[in-house]
Amino acid sequence: MKRPPKLRHNNSSIFFIDRTQREIKTMQKENEQSNKNQEQPLQISLNDQMQRRFEERQHLMEAGINPYPTHFEISHASLEILNNFEEEAKTPVSVAGRIMTIRKMGKASFFHLQDSAGRIQIYMKKDEVGEVTYNTFRLLDIGDIVGIRGFTFKTRTGEISVHAESLELLTKSLRPIPVAKEKEVDGEKVIFDAFSDKEMRYRQRYVDLIVNPEVKQTFIKRSAIVSFMRNFFAQQGWLEVETPILQPIYGGAAARPFTTHHNALDMQLYLRIANELYLKRLIVGGFDGVFEFAKDFRNEGIDRFHNPEFTQVELYVAYKDYNWMMKLVEELLYQTALAINKSDSTLFLGNEISLQTPFRRLSIIDAIAEYTGKNIGGQSEEELRSTAKDLGLELDPKISSGKIIDEIFGEFVEPKLIQPTFITDYPTEMSPLAKEHPSLPGIVERFELIVGGKEVCNSFSELNDPVIQRERLESQAKLRQRGDEEAMIVDEDFLRAIEYGMPPCAGLGIGIDRLVMILTGQDSIRDVIFFPHLKPE
RNA sequence: GAGAAUAUAGCUCAGUCGGUAGAGCAUCUGCCUUUUAAGCAGAGGGUCGAAGGUUCGAGUCCUUCUAUUCUCACCA
């Protein structure tokens, strides 16, 4: 460099750079030349804004100032200052956060710092912080992270702020963040030109979280929902466990799996589609109640209700049945809603949903009768097929009676069940792991909870007769041979386990992503998963 | 898997009949000591998603491809 930029600093971490436009141009030229000469490993394509920020980082380091120091003592979060403000106190505070707005007015400036709790305005006056610090500040960018020491006060226009006495750069930001401006109109916040491109929001969730505060709230709620449920289960004395994600035989649900390969063992493995069979092994082993918050993986379509990996909590409780489990689910969801939203009602897909207990209960046969006028109780496969035809439903000729009922239900009933509704007593054929109803032949003790037209829970009294279980799995294997890719596989180890004897048991699965969607009012699963699956850029 | 829409500056978006690439915010320079979508004056910034084609000339018309969004189908 022919002429380095003027750098002055004193013994604190304060710096001062004075540049003219011409000097910047010269430096850019030199930078380009040195890039050519030295084959920089840096492969980031720079726009003008990034170029300038890279240079600034370099200048700081040349001046012996670390743009990435290791720590800063924080006394207050932004929200604490706002909540505990006392007009006359002038409380000394130190705060840290990302610069989100800047309003420079010559020898005084205002800017907002954003920390994890919120935003706080900082006021800085040249007379008070001195020329060196003030000029330091003038060079910082929106997006930089700084620490401020000062005292609290309220501005002429009434905003609680921090009057800065010193400033320390904590992290230099190299990429411009898409700042949106906001304004209050009649107490309502109006946001201008928000960062709203959905693809970029999902791909660069970190940016989404910085600039769209309501996104953060959704995920904070998600965390609170899981914590609340975990405590709810733990307080009953049930054990939180972990079971394999990599499985030699997958099972517990009707779905197509992901496959992977273990090199050292040279064997194919599957990513689990459900935890059910492993959790039941633990009930055999003598635990009275086990639960697992689990990532499951299903190799199927992607839309706003389905992500290839999703979260379920499964719970198994010995000596209980599905009627008991229904009461538990009602209580759990009601309590969760109250804890999270302070309300038992929520807006989901345009519908006001009430989680007030008790939820409606309806057998699948009655539900179909109510919403289609067709009584399918006791109908044979052929009769069911003609009922479906009457209703205008086209069916794959391969599917059998259980699936036909499921199709009719899914097409004509499920979308209409907006308020929480337990659908009970499914055909045995659809539920190979559920125990048959003692007084209803061909029907199992099973329920699903439908909310907003979508399945949220699935539960049954678990089948524990190993002989019948083997028959059921073997007939699944036959369906598989007929071409049903989702039919289950015979899992000999699971059968061996329940041959030792599994106590009567109620099982439950709750789709966490969907529950979070309902309780946070989000219409897409992508808005409740930090990093939803997208094709590579 | 099928259909529709979208892709232009860091962000949000205009761009008419095919004829020199536009705005607001952000950035840079100057002024401004309680502002808040701060203000005033000026400046810089573009492989118009990618590749072909038509044309004297393409952001614009045609073809193919890529990604996303929405709807439908399957799945929870």
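Order of the sequence lines fixes the chain letters, A, B, ..., with proteins taken first and strands second; residue numbering starts at 1 for each chain. Just so you know, these numbers come straight off a predicted model, no measurement behind them.
- One P atom belongs to B:A58, the other to B:A41, and the distance between them is 38 Å to the nearest Å.
- Side-chain atoms of A:Gln114 come within 3.5 Å of backbone atoms of A:Ile210 as a donor-acceptor pair (strictly under, hydrogens ignored).
- B:A2 and B:A73: their C1' atoms are spaced 8 Å apart (whole Å).
- If you check distances only, the side chain of A:Asp127 does reach the base of B:U33 with a donor-acceptor pair under 3.5 Å.
- Put simply, the side chain of A:Asp193 and the base of B:G24 share a donor and an acceptor less than 3.5 Å apart.
- The gap from the C1' atom of B:U64 to that of B:U27 amounts to 38 Å, rounded to the nearest Å.
- Rounded to the nearest Å, the gap between the C1' atom of B:A14 and that of B:G52 is 28 Å.
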Which atom pairs, donor and acceptor, lie under 3.5 Å between side-chain atoms of residues 102-110 of chain A and protein residues at least two apart or in another chain?
| residue | atom | partner | partner atom | Å |
| --- | --- | --- | --- | --- |
| A:Arg103 | NH1 | A:Thr101 | OG1 | 3.4 |
| A:Arg103 | NH2 | A:Gln121 | OE1 | 2.7 |
| A:Lys104 | NZ | A:Arg138 | O | 2.8 |
| A:Ser109 | OG | A:Tyr134 | OH | 2.7 |

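- Note on A:Ala253: nothing from the nucleic acid sits closer than 4.0 angstrom, heavy atoms only.
- The base of B:U35 sits within donor-acceptor range of the side chain of A:Thr155, with an N or O pair under 3.5 Å.
- Nearest-nucleotide assignment on RNA chain B puts the 5′-proximal partner with A:Ala194, out of A:Thr157 and A:Ala194.
- Its glycosidic angle being within 90° of 0, B:C17 falls on the syn side.
- Side-chain to base pairing of A:Gln121 with B:U35: one donor and one acceptor N or O lie within less than 3.5 Å of each other.
- Between A:Arg138 and A:Phe195, the residue anchored closer to the 5' end of RNA chain B is A:Phe195, taking for each the nucleotide with the nearest heavy atom.
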**Request:** With pairs defined as Watson-Crick or G-U wobble and both distances under 3.5 angstrom, please note down RNA chain B as a dot-bracket string, | for pairing with another strand.
**Result:** (((((((..((((.....[..)))).(((((.......))))).....(((((..]....))))))))))))....
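- A:Lys295 is linked by a salt bridge (Lys or Arg N to Asp or Glu O under 4.0 Å) to A:Glu309, counting only residues two or more places apart in sequence or in another chain.
- Evaluation of the salt bridge (Lys or Arg N to Asp or Glu O under 4.0 Å) rule for A:Asp115 yields no partner, not counting sequence neighbours.
- Salt-bridge annotation for A:Glu381 and A:Arg385: present, with a side-chain N of the basic residue lying under 4.0 Å from a carboxylate O of the acidic one.
- With sequence neighbours left out, A:Glu300 forms a salt bridge (Lys or Arg N to Asp or Glu O under 4.0 Å) with no residue at all.
- Residues passing the side chain to side chain donor-acceptor pair (under 3.5 Å) test with A:Arg53 are A:Ser173, sequence neighbours excluded.
- Applying the salt bridge (charged side-chain N to carboxylate O under 4.0 Å, His left out) test to residues at least two apart or on different chains, the pairs with a partner in residues 190-202 of chain A are A:Glu199-A:Arg203, A:Arg201-A:Asp208, A:Arg201-A:Asp527.
- Residue-to-nucleotide contacts include no donor-acceptor pair under 3.5 Å from the side chain of A:Arg156 to the base of B:U34.
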**Request:** Take nucleotides 66-76 of chain B nucleotide by nucleotide from the 5' end and write B, S or -, depending on whether a protein heavy atom sits under 4.0 Å from the base, only from the sugar-phosphate, or from neither.
**Result:** -SSSSS--BBB
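- A:Pro427 meets the side chain to side chain contact (heavy atoms under 4.5 Å, CB included) test with A:Ile364, A:Ile405, A:Met430; sequence neighbours excluded.
- Comparing the C1' positions of B:C65 and B:A9 gives a spacing of 25 Å, expressed to the nearest Å.
- Across the P atoms, B:U36 and B:C25 are found 15 Å apart, a figure rounded to whole Å.
- Look at the P atom in both B:U33 and B:G46: the space between them is 35 Å, to the nearest Å.
- Rounded to the nearest Å, the gap between the P atom of B:U54 and that of B:U63 is 15 Å.
- Note on A:Glu292 versus A:Arg272: salt bridge recorded, some NZ/NE/NH1/NH2 to OD/OE distance being below 4.0 Å.
- At a threshold of 4.0 angstrom between heavy atoms, the contacts of A:Ser196 are confined to the sugar-phosphate backbone, with no base atom among them.
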